[in-house]
Amino acid sequence: MPFPPRARLIANRSPVVLPSMLLCDFGHLADEIGQLADVGVEGFHLDVMDGHFVPNLTYGMPIVEAARRATELPLDVHLMIAHPGRYLRAFADAGADVITVHVEVDEDPAELLSAIRKLGAAAGLACNPATPLDRVEPYLPWCDLVLVMSVPAGFGGQPFDRAALRKLAALREWARAEDRILEIDGGVNPDTAPDAVEHGADWLVAGSAIFRSDNYESAVQALNRAAGAAGPSRLEP
Ligand code: DX5
Ligand code: ZN
């Protein structure tokens with residue numbers, strides 16, 4: 001599996017819970033990352049939005065660079081932007097270990113995924129709930145990871161769309177046979193996590209289930225327990 005060293009740490013572990021850095025306190029980003037690392041998260045999911053591909057606008061390379069300075073844990077960068085091809089090198093240089101683009105953009109996914117791999121990052125392809133899996137399947141040979149969205153990309157705090165489970169189940173054989181990662185993102189919480197794992201999710205992205213809780217440690221542990229994620233050894237009781 002061509003995962004870069006940092007991401008390889010979690011590429012061989014399943015399931016893994018990754019906090020979505022969208023609803024966190026960006027005024028104290030390094031502290032937020034430190035607190036989450038201390039309670040055992042094994043990587044971070046960074047949601048980049050441009051206000052064009054999705055109606056929301058979040059952040060770009062400077063925040064990825066700041067996160068890179070704050071942790072050696074893998075950075076899983078989710079590009080919800082209209083022209084990702086223009087920014088792949090900049091996000092790789094900013095410290096992204098995994099770069100995921102959306103199959104819905106007007107650029108050739110195979111070219112984007114190949115370019116991400118050439119930059120030394122793992123290549124991910126994301127699809128929104130409304131996008132049929134047959135839009136993704138032609139590009140699987142170029143994917144190290146497929147990100148199945150269980151909410152329409154753009155905002156945290158939306159309800160989990162169970163249709164995502166069918167997509168996970170349909171991709172599970174491919175992921176196992178090719179040693180690739182299936183990731184689910186949106187509405188993941190202790191209630192939805194078990195089904196996501198049962199249908200094949202390796203990485204589970206959680207935003208509001210962590211950042212809308214009043215205690216990161218208990219929120220992360222509840223997610224790890226629900227997902228059957230071992231978490232790192234230091235979490236063992
Ligand atoms: C949505 C983002 C998700 C979202 C997850 O476009 O890609 O990562 O922030 O947040 P929750 O877990 O609250 O749905
Ligand atoms: Zn995301």
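For ligands, and for the atoms within them, numbers begin at 1 and follow the listed sequence.
Each of the atoms 9 (O) of ligand 1 lies under 4.0 Å from some heavy atom of L22. Proximity to G186 (heavy-atom distance under 4.0 Å) selects the following atoms of ligand 1: 14 (O). Close contacts of ligand 1 with H78, meaning ligand atoms under 4.0 Å from a residue heavy atom, involve 7 (O). The contact set between ligand 1 and M80, taken as ligand atoms under 4.0 Å from a residue heavy atom, comprises 6 (O), 7 (O). Heavy-atom contacts of M149 reach the following atoms of ligand 1: 7 (O) (cutoff under 4.0 Å). Here is the list of ligand 1 atoms found below 4.0 Å of a heavy atom in M49: 6 (O). Below 4.0 Å from some heavy atom of A206 lie the following atoms of ligand 1, by number and element: 12 (O). Of all atoms in ligand 1, numbered sequentially from 1 with element shown, those under 4.0 Å from a heavy atom of H45 are 8 (O).
The shortest N/O to N/O separation between G157 and ligand 1 falls below 3.5 Å. Looking at ligand 1, you won't find any N or O of V205 less than 3.5 Å from one of its N or O atoms. Residue G207 has at least one N or O atom closer than 3.5 Å to an N or O atom of ligand 1. Of the polar atoms of D47, at least one N or O is found under 3.5 Å from an N or O of ligand 1, judged by distance alone.
By the neighbour-count criterion of 12 heavy atoms within 6.0 Å, atom CG of D106 is sparsely surrounded, having that number or fewer from other residues, nucleotides or ligands.
Nearest to the Zn ion (ligand 2), among the N, O or S atoms that D185 has, is OD2. Sorting the N, O or S atoms of D47 by how far they are from the Zn ion (ligand 2) puts OD1 first. The atom of H78 nearest to the Zn ion (ligand 2) is ND1, with the search restricted to N, O or S atoms.
Between C127 and R135, every side-chain heavy-atom pair lies at or beyond the 4.5 Å cut-off. Between D195 and R162 the shortest side-chain heavy-atom distance falls below 4.5 Å. Inter-residue side-chain proximity for V98 and L75 is flagged as unmet; no heavy-atom pair is nearer than 4.5 Å.
Side-chain contact check for D76 and H78: no donor-acceptor pair (N or O, by modelled atom type) lies under 3.5 Å.
Counting protein heavy atoms only, atom 13 (O) of ligand 1 is closest to S208 OG, 2.5 Å. Nearest protein heavy-atom neighbour of atom 1 (C) of ligand 1: F155 O, 3.6 Å. Nearest protein heavy-atom contact of atom 9 (O) of ligand 1 is S20 OG, 2.9 Å.
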Could you walk me through whether D47 and S20 pass the side-chain hydrogen bond (donor to acceptor under 3.5 Å, both in side chains) test, one step at a time?
-> CA-CA 7 Å; D47 282 313; S20 148; 2.7 Å; yes
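Counting only distance, with no hydrogens or angles, the side chain of N56 and the backbone of G154 share a donor-acceptor pair below 3.5 Å. Counting only distance, with no hydrogens or angles, the side chain of E183 and the backbone of D202 share no donor-acceptor pair below 3.5 Å. A distance-only check finds no donor-acceptor pair linking the side chain of R117 to the backbone of A122 [under 3.5 Å].
Annotation: the span from Y139 atom OH to L113 atom CG amounts to 9.5 Å, rounded to 0.5 Å. How far CD1 of I116 is from CZ of F91: 11.0 Å, rounded to the nearest 0.5 Å. To the nearest 0.5 Å, the span separating CG on L125 from SG on C143 amounts to 4.5 Å.
Taking a cutoff of 4.0 Å between a charged side-chain nitrogen and a carboxylate oxygen, R68 and D97 qualify as a salt bridge.
The closest approach between A209 and ligand 1 stays at or above 4.0 Å for every heavy atom of the residue.
Looking at I184, V48, T58, D185, it is D185 that brings a heavy atom closest to atom 7 (O) of ligand 1. With distances taken over non-hydrogen atoms, the option nearest atom 14 (O) of ligand 1 out of G154, P159, G187, G156 is G187.
No part of R212 comes within 4.0 Å of ligand 1, judged by heavy-atom distances.
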